[in-house]
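So the structure is just underneath, and the comments pick up after that.
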Amino acid sequence: MTDDLKPARLRLAPSPTGEPHVGVLRTAIWSWLYAKRTGGQFLLRIEDTDQTRLVPGSVERIIRSLDWLGLTYDEGPDIGGPFAPYTQSERLPMYQEAAARLVQSGNAYPCFCSSEELDALRARQQAEKRATGYEGKCRVIAPAEAAARAAAEPHVIRFAVPREGATTVEDLLRGPVVVENRTLDDFVILKSDGFPTYHLAHVVDDTAMEITHVTRGDEWLPSAPRHALLFDALGYPRPIYVHNPVILAPGGGKLSKRHGAKSALEYAEDGYLADALVNFLCITGWGHGDETVMSREELTRVFDIKDISLAPATFDTEKLNWMNGVYLRQMPEQQLAELFAQRLEIDLPPDVPRPLDRSFVEEFTPLIRERVQLLTDVLPLVDFFYQSVVATPPVEEFLAKKWKDQPQATADALDAAADDLDALDDWDAETLEATLRATAERVGARAGDLFTLVRLAVTGKTITPPLFESMVIVGTGPSIDRVRAASAAVRASI
RNA sequence: GGCCCAUUCGUCUAGCGGCCCAGGACGCCACCCUCUCAAGGUGGAGAUCACCGGUUCGAAUCCGGUAUGGGUCACCA
């Protein structure tokens with residue numbers, strides 16, 4: 001489909017108070033996709049206007065998260081751009097200038113009320129079951145007097161919200177949202193420390209940076225009218241607003257750190273693929289026909305902000321896991337093997353020498369690629385390949401199912417298998433299978449039942465990659481030794 | 001409490017007045033394949049489209065109300 005969409009500029013504007021969780025990541029993905037789709041730009045801006053909540057290292061974590069997800073930005077604090085700086089604490093003069101301009105035009109005024117005073121006011125309003133909010137005590141101070149006091153006294157700047165009328169904000173997803181101005185109070189735009197509040201900073205920066213679409217969580221919807229009023233008072237054109245719903249935790253309720261909300265970097269650690277996470281997050285709260293698995297390229301072709309769903313979506317970990325498996329299976333084998341190797345270098349015990357032999361990993365990659373959903377699934381599937389000694393499992397594990405209460409037959413079967421394997425000249429999967437099938441027939445067991453015993457003996461596990469291919473990798477000597485050890489253990493228990 | 005927003009299978013969604021007694025995906029169940037586990041294949045259960053009214057020849061789709069859920073009322077974002 002050919003679209004005539006105008007190049008859009010969108011931004012991710014996190015505050016450096018921790019790591020971005022899936023909610024903001026999904027907004028980032030949507031914004032990024034839309035910017036790409038329209039041939040526009042995506043940028044990163046750090047909103048560090050609250051000096052008290054800064055968490056050291058947050059900015060780096062944010063950047064690393066975006067980098068891992070592949071959400072490249074065209075402008076940002078670390079790479080600069082035509083509207084630098086991209087960190088709000090470095091843009092203070094702009095906010096102060098805007099605030100001063102608003103005071104001058106009568107749209108804002110200094111407020112000298114102390115926080116104790118404001119707390120008391122709020123308490124009174126709550127006690128009387130009235131709406132809380134600043135009632136405009138300092139709004140009536142004459143401008144000349146206010147200016148004089150402002151020069152000497154600590155103060156904030158408040159926006160003078162019109163007492164009459166209503167403000168309509170156009171939201172791209174829900175249409176017009178109308179709010180009566182009298183339900184809005186005179187909110188603070190510049191704090192006493194000279195830093196702007198979010199409200200002012202948003203309006204000033206998104207204008208300065210020529211943002212076309214403001215994408216943010218819908219917790220901002222109630223204050224959108226304030227922003228609209230600010231844009232109007234400053235004489236700035238209003239951007240297109242897109243308030244997207246939150247993501248809910250599986251149990252219901254907002255997804256939070258408590259409810260398993262993870263950061264991008266944690267997903268990486270847990271064995272997820274960036275492409276899968278991007279696809280999954282994009283698809284939760286948004287849909288495109290019957291399609292579910294969509295590559296990044298496909299998404300940038302079809303993603304449209306307008307199709308974002310209004311109802312809050314629940315985070316479905318099962319679906320994410322499934323999708324991760326899909327992406328893993330789709331991957332070229334060579335690339336997959338490298339991923340497995342890197343993961344194993346993290347997960348394998350320290351006594352296994354690094355770097356891992358890539359050709360060895362490539363050998364078993366085809367055996368496990370269909371059995372892996374998360375990268376962390378790899379280790380338990382292949383760890384026995386890296387152990388020179390595999391302890392024989394407890395005898396009870398052998399004497400299960402068909403072999404229950406038959407230690408004699410079990411030991412005999414194991415011995416027969418060992419004998420037959422011993423006699424082999426060739427040690428390839430086909431030969432091994434043919435041999436053991438014959439063994440099974442000879443001892444009067446079903447092939448599958450014998451395989452189960454051999455599997456347990458050779459790998460120490462009940463769930464493994466295909467047995468014969470695994471035995472080829474383990475090698476002749478160790479394989480036979482382990483079968484013999486198992487038979488001895490079973491025999492000893494008689 | 002005031003204000004604002006939302007409401008289709010358990011979950012994510014398709015649907016934009018007739019093609020829908022509602023389609024796809026995850027999950028679940030069964031069968032097939034099969035050396036375990038997966039993967040794959042086939043089929044199945046699962047939604048009176050929150051409820052009540054209205055508009056219309058005709059509504060999941062438009063309108064109103066109710067209920068439920070969520071958000072927000074800071075010198076936090």
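Remember, it's a predicted structure, so these values are computed and weren't measured experimentally. Labels below follow one simple rule: chain letters A, B, ... track the order of the sequence lines, proteins then strands, and each chain is numbered from 1.
- Comparing B/C73, B/C12, B/C5 by their closest approach to the side chain of A/T132 singles out B/C73.
- Taking for each of A/T197 and A/V177 the nucleotide of RNA chain B with the nearest heavy atom, the 5'-most of the two is the partner of A/V177.
- Contact check, A/K191 against B/C76: a side-chain N or O comes under 4.0 Å of OP1 or OP2.
- If you check every strand for non-hydrogen atoms under 4.0 Å, A/C113 touches a base.
- Proximity note for A/T464 (side chain, C-beta onward) versus B/U36, B/A38, B/U8: the nearest is B/U36.
- Pair check for B/C3 finds B/G71; Watson-Crick or G-U wobble, both atom distances under 3.5 Å.
- Among the atoms of the strands shown, only primed sugar atoms or phosphate atoms (P, OP1, OP2) are found under 4.0 Å from some heavy atom of A/V188.
- Using a 30° and 60° split on the angle between ring planes, A/H199 and A/H227 fall in the tilted class, from 30° to 60°.
- Distance check on atom C1': B/C49 versus B/U13 gives 13 Å, rounded to whole Å.
- Evaluation of atom-type donor-acceptor distances gives no pair under 3.5 Å for the side chain of A/R226 against the base of B/U72.
- Residue A/T284 places none of its side-chain N or O atoms closer than 4.0 Å to OP1 or OP2 of B/U11.
- Here B/U36 presents its P atom at 9 Å from CZ of A/R446, a figure rounded to the nearest Å.
- A distance below 6.0 Å separates the ring centres of A/F385 and A/F364.
- Proximity of A/T462 to the phosphate of B/C37: no side-chain N or O atom is located under 4.0 Å from OP1 or OP2.
- When rounded to the nearest whole Å, the span between CG of A/L190 and P of B/A74 equals 19 Å.
- Taking 4.0 angstrom as the limit, A/T314 places a side-chain polar atom (N or O) nearer than this to OP1 or OP2 of B/C12.
- The residue A/Q125 sits apart from the nucleic acid: no heavy atom pair falls under 4.0 Å.
- Of the candidates B/U13, B/G23, B/C26, the closest approach to any side-chain atom of A/A313 belongs to B/U13.
- One P atom belongs to B/G27, the other to B/A38, and the distance between them is 12 Å to the nearest Å.
- At whole-Å resolution of the value, CG in A/L121 and C1' in B/A74 are 12 Å apart.
- The side chain of A/Y198 lies closest to B/A77 when the candidates are B/C3, B/A77, B/U13.
- B/C37 and B/A30 are spaced 13 Å apart, taking the P atom of each and rounding to whole Å.
- When each of B/C26, B/G71, B/A25 is scored by its nearest atom to the side-chain atoms of A/T292, the top-ranked nucleotide is B/A25.
- B/A25 atom C1' lies 4 Å from atom NZ of A/K319, rounded to whole Å.
- Candidate nucleotides B/A77, B/C5, B/U36 were compared by shortest atom distance to the side chain of A/I463, and B/U36 ranks first.
- Nucleotides B/C9 and B/G24, compared at atom C1', are 12 Å apart to the nearest Å.
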(Q) Show, in sequence, the C-alpha distance, side-chain angles and deciding distance for A/F231 and A/H202, and conclude whether the ring-ring contact (aromatic ring centres under 6.0 Å, His included) test is met. (A) CA-CA 10 Å; A/F231 275 104; A/H202 149 54; 5.6 Å; yes
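- What separates CD of A/E135 from P of B/G2 is a distance of 18 Å, to the nearest Å.
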Q. Are A/I46 and A/Q88 close enough, and set up right, to give a side-chain contact (heavy atoms from CB on, under 4.5 Å), and what steps lead you there?
A. CA-CA 6 Å; A/I46 301 300; A/Q88 290 184 328; over 6 Å; no
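- Taking the six-membered ring where the residue is Trp, the centroids of A/W220 and A/Y241 are separated by 6.0 Å or more.
- Distances from the side chain of A/R329 to the nucleotides B/C35, B/C12, B/A39 place B/A39 closest.
- A/G325 comes within 4.0 angstrom of nothing in the nucleic acid, heavy atoms only.
- A donor-acceptor contact under 3.5 angstrom links the side-chain atoms of A/S192 to the base of B/C75.
- Between A/F315 and A/F280, the gap from one ring centroid to the other is short of 6.0 Å.
- Taking the six-membered ring for Trp and the full ring otherwise, A/F468 and A/F451 have centroids separated by under 6.0 Å.
- In this structure, A/F468 reaches the bases: a heavy-atom distance under 4.0 Å links it to at least one base atom across the strands shown.
- Using bins of under 30°, 30° to 60° and over 60° for the plane-to-plane angle, the ring pair A/H155/A/F112 lands in the tilted bin.
- A/T52 comes within 4.0 angstrom of no nucleic acid atom, judged by non-hydrogen atoms across all strands.
- In this model, the phosphate group of B/A74 is approached by a side-chain N or O of A/R122 to a distance below 4.0 Å at OP1 or OP2.
- When heavy atoms are screened at a 4.0 angstrom cut-off, A/R369 is found touching no nucleic acid atom at all.
- For A/R182, no side-chain nitrogen or oxygen approaches OP1 or OP2 of B/C3 to under 4.0 Å.
- No hydrogens or angles were tested; on distance alone, nothing pairs the side chain of A/R174 with the base of B/C5 as donor and acceptor under 3.5 Å.
- Atom C1' of nucleotide B/G40 and atom CZ of A/R371 are separated by 12 Å, given to the nearest angstrom.
- At the heavy-atom level, A/L310 lies under 4.0 Å from the strands shown only through sugar-phosphate atoms.
- Within 4.0 Å (heavy atoms only), A/P225 reaches no atom of the nucleic acid at all.
- As rounded to the nearest Å, B/C21 and B/C12 have P atoms that lie 25 Å from one another.
- Atom P of nucleotide B/A25 and atom CD of A/E291 are separated by 12 Å, given to the nearest angstrom.
- Note on A/R53: every side-chain N or O is 4.0 Å or more away from OP1 and OP2 of B/A77.
- Using atom C1' as the reference point in both B/A6 and B/C51, the two lie 15 Å apart (nearest Å).
- Between A/K402 atom NZ and B/C35 atom C1' there is a gap of 13 Å when expressed in whole angstrom units.
- Taking the P atoms as reference points, B/U55 lies 34 Å from B/G46, given to the whole Å.
- Rounded to the nearest Å, the gap between the P atom of B/G44 and that of B/A22 is 14 Å.
- Cation-pi check for A/R226 over A/F159 is not met; the charged atom does not lie both under 6.0 angstrom from the ring centroid and within 45 degrees of its normal.
- Counting non-hydrogen atoms under 4.0 angstrom, A/D316 reaches a base of the nucleic acid.
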